[in-house]
Amino acid sequence: MNICVALGGNPNAGKTTLFNALTGSRQHVGNYPGVTVDRKEGRYVQNGHDIHIVDLPGTYSLTAYSVEEVVARDFLVNECPRVTINIVDASNLERNLYLTIQLLELGIPICVALNMIDVARSRGIEIDHQKLSRLLGVPVVPIMARSGFGKQALMAAVERVAQQPLPQPLRVSYGRDLETTIQSMEQVITKHGFLTDLYPARWIALKYLENDAQILEKGRATEARIADQLVAETQKVGAHIEETLETYPEAMIADHRYGFISSMLKQGIVKERFDKNRLFLSDRIDKVLVNRFAGPLIMFLVLFGLYQLVFTYSEVPVGWCETVFEWLSDVVSTQMPDGLLKSLIVSGVIDGVGGVLGFVPLIMFMFLGIAVLEDSGYLARVAFMLDRIFQIFGLHGSSVMAYIVSGGIAGGCAVPGVMATRTLRSPKERIATLLTAPFMNCGAKLPVFALLIAAFFPNSQARMMFLITLISWSGALLAAKFLRLTVVKGPSTPFVMELPPYRLPTFRGLMIHTWERTWQYVKKAGTVILGISILLWAAMTFPRLPAAQVAQYAADRDHMVAQASPAITDELARWTGDTPLSAGAARLKRELTASRGRQSAAALRYSLAGRIGGGLEVVSRWAGFDWRTNIALLGGFAAKEVIVSTLGTAYSLGAANDDDAQASIASRLTAEPGWRVLTAWSMIVFVMFYAPCFVTIVSIVRESSWRWGLFSVIFNTSLAFCVSVGIYQVGSLLGY
Ligand code: GDP
Ligand code: MG
């Protein structure tokens, strides 16, 4: 075997010493072309293998800040050493690993030499190198360069690495703001093969964000149009971060890299025998907040407090919104002549979109709460703490982030959640995560739950929401375990996650983050949901009841009026609604509205949607859903937001009388004889677990394959149905 091995590390990590120990007299010094940086090369012979070793200049990073860094990086990229030995000062591990992370991000094969263990030991630092090796995914060999201890073991590890295939570049996750940009830049870079012959796509994107002079120049020289596009994206996210977090991308990237390291080191890799009182503030806070015992308890209280706050404070503005929409539909109902147009505007547009927009204050409060947790850095700690539980279910610490983004705390979206699974290194854990992340309670399911809770559990709203969240997590975890035991079987991989330092969220940052996410929701209601609402309205209106039947209902009513005495019909005709009616007139009025209700119910049943919903009733009856609920659930396939609005439309179209049609959806449901607490439970669980919405399915397909997309539809819907049937049937048996 004849291979080239590079030797890289921070200045003073002991590179030269190791180089000398390995090569002895078989070395010579040259120059890197064009720069006055020494290039030392030498030979190491082991078991008849001839290994060519190059001592790189010492660097702290691989961004082009100095000549040394450019030289080291160019050597690694252009001359492709088969293995790079990364020499690390064990007495200063955290700082030294910063370079290690960047080597891993560059996707080159490395082997870590943990040097100066004598110094570390004398300072009372003990390092679990096996665990470190597991977490980094590369060999870590303890050595003492000065005495030559460990050099055979190191070179044996180098040979092992040389025989393995090239590794995948490490993907550190850089927080939601940057991550979105990085991923979109990655796509552009991959699509155009922009510099990808030299560097991994993600790495190029990072260098653009880090403002790396050399890469910027190379980029411009290669394809100016794409370079400009990448620079524009960089500037955009830069401005955004400046505004929201008052920092800049380079600093954020460094923060997350250090966060990655610190979360690794927090897992008992470094044992310090003497407390040297050098804990930074973040570390000190973490002593309490991620404490083994206090941590989970605090987390539980924080999350529960969040629900309490959101539901208490949003009650009033949600009430205002409902009033506005009720008033609007009132005005339109009385001002417009009866007919298709009125039905479209009242049932299709106002009820549909209003049902969604009515929850904007609640969603806004929830987003605000999440922004506080996220911007302060606490959310990452939540993921860190939940990792231990996740391992039990065959998932990974990074899955937590995907869950939370999907709405694990309530009010997220499965689409970015599915994309967040990209940080998972093991493909099997990744599939299990992206299939179960849609079980979380996204911002679109939230209104459905809020509605059912308001209707059936009015006195325990926050508690119910918390319970629902627990159910969805348990469901997701159990489903993941099931998947990991069956279709995606395999061992679990160790956990490393970013723990960026705590920071005090800024008011401005919170407002912007809250507003952005709320606005996305409103925009969706204004466009997609409006479109789907109108389509569903059409499906619920056409084909229209045959004229003969309409005439029959009208004739019935004429008959009722004819039967009544002239005094009563006269009283009813002159009635303005201010004075109480006489008993006879009230009865006639009731009968007339009941007849109108029967007619609109028959019309809905006759429509396309009614027929489909009715056809499904055979099956859905088991879970307690009638045909109107079926229509809403079918609409939910397109977008979950539609469920509430469709329920609204279905029950207002089929409402038994005018007063009911104007009551809020919640009170309409409670008044419905087919609806009881058990039905609400069955529906909550079904909505929680059934097929992801269309956009999520598309993302799943994009992130994996169409098979998994199809699988998620079938698996989730069957699961949801079984659980709902179970709840409804057992509950009915027990007499609820
Ligand atoms: P470079 O800058 O990475 O080339 O580092 P050097 O090889 O010049 O080493 C820096 C200092 O660390 C020198 O004084 C070495 O003698 C010392 N050194 C290197 N390896 C060890 C070791 O394993 N133990 C101890 N105690 N000192 C070491
Ligand atoms: Mg040196």
> Can any side-chain N or O of Ser376 pair as donor or acceptor with the backbone N or O of Leu373 at less than 3.5 Å?
Replying inline: yes
> Under 3.5 Å, side chain of Thr506 to main-chain N/O of Thr244, donor-acceptor pair present?
Replying inline: yes
>> What's the separation between atom CZ in Arg176 and atom CG in Asp375, rounded to the nearest 0.5 Å?
In response: 9.5 Å
> Does atom OH of Tyr60 have more than 12 heavy-atom neighbours, drawn from other residues, nucleotides or ligands, at distances under 6.0 Å?
Replying inline: yes
> Should Arg171 and Glu186 count as side-chain neighbours, where that means a heavy-atom distance under 4.5 Å?
Replying inline: yes
> Can you find a heavy atom in the side chain of Arg508 that is under 4.5 Å from one in the side chain of Met511?
Replying inline: no
>> We want to know whether Glu703 and Thr421 form a side-chain donor-acceptor pair, criterion being a heavy-atom distance below 3.5 angstrom.
In response: no
> Do Asp177 and His513 have side-chain heavy atoms sitting under 4.5 Å apart?
Replying inline: yes
> Counting distance only, does the side-chain N/O of Thr717 pair as donor-acceptor with the main-chain N or O of Tyr690 below 3.5 Å?
Replying inline: no
>> Between Tyr248 and Asn211, is the side-chain contact (heavy atoms from CB on, under 4.5 Å) condition met? List the steps.
In response: CA-CA 11 Å; Tyr248 48 99; Asn211 234 327; over 6 Å; no
> Are any of the side-chain heavy atoms of Val231 and Gln235 separated by less than 4.5 Å?
Replying inline: yes
> Distance-only, no hydrogens or angles: does the Lys131 side chain make a donor-acceptor pair with backbone N or O of Gln267 under 3.5 Å?
Replying inline: yes
>> On the six-membered ring of Phe393, is Arg484 placed so that its NZ or CZ lies under 6.0 angstrom from the centre and within 45° of the ring axis?
In response: no
>> Which heavy atom of Gly475 sits nearest to which heavy atom of Phe689, and what is that distance?
In response: CA-CZ, 3.7 Å
>> Is there a side-chain contact between Leu62 and Leu99 in this structure, where contact means two heavy atoms from C-beta onward sitting under 4.5 Å apart?
In response: yes
> Are side-chain N/O atoms of Gln187 and Gln183 paired as donor and acceptor at under 3.5 Å?
Replying inline: no
> Got Leu451 and Ile643 here, is their nearest side-chain heavy-atom distance under 4.5 Å?
Replying inline: no
> If you measure from the Lys or Arg side-chain nitrogens to the Asp or Glu carboxylate oxygens, is any gap between Glu233 and Lys236 under 4.0 Å?
Replying inline: no
>> For Tyr258 and Tyr98, take the angle between the two ring planes, folded into 0 to 90°, and tell me which bin it lands in: parallel under 30, tilted 30 to 60, perpendicular over 60.
In response: parallel
> Given the rule in the side-chain contact (heavy atoms from CB on, under 4.5 Å) test, do Phe439 and Leu719 qualify, once you have shown the distances and angles that lead to the verdict?
Replying inline: CA-CA 11 Å; Phe439 288 165; Leu719 176 75; 3.7 Å; yes
>> Just so I know, are the side chains of Ile684 and Ile471 near enough to count as touching, which here means a heavy-atom distance under 4.5 Å?
In response: no
> Using a distance-only test with no angle check, is there a side-chain donor-acceptor pair under 3.5 angstrom linking Glu516 and His240?
Replying inline: yes
>> Between Phe457 and Trp681, is the ring centroid distance below 6.0 Å?
In response: yes
>> Go through it in stages, so that I can follow the logic: the residues are Phe300 and Phe466, the test is ring pair (Phe, Tyr, Trp, His ring centres under 6.0 Å), and I'd like the CA-CA distance, side-chain angles, deciding distance and then a yes or no.
In response: CA-CA 10 Å; Phe300 206 72; Phe466 195 63; 5.1 Å; yes
> Does any N or O in the side chain of Glu429 come within less than 3.5 Å of the main-chain N or O of His396, such that one atom is a donor and the other an acceptor?
Replying inline: no
>> Between Glu105 and Arg202, does any side-chain N to carboxylate O distance fall below 4.0 Å?
In response: no
>> Using side-chain heavy atoms (C-beta onward) and a distance below 4.5 Å, is Val400 in contact with Phe384?
In response: no
> Quick one: does Lys445's side chain have a donor or acceptor within less than 3.5 Å of a partner on Met688's backbone?
Replying inline: yes
> Hey, are Tyr403 and Thr436 close enough side-chain-wise for a donor-acceptor pair under 3.5 Å?
Replying inline: yes
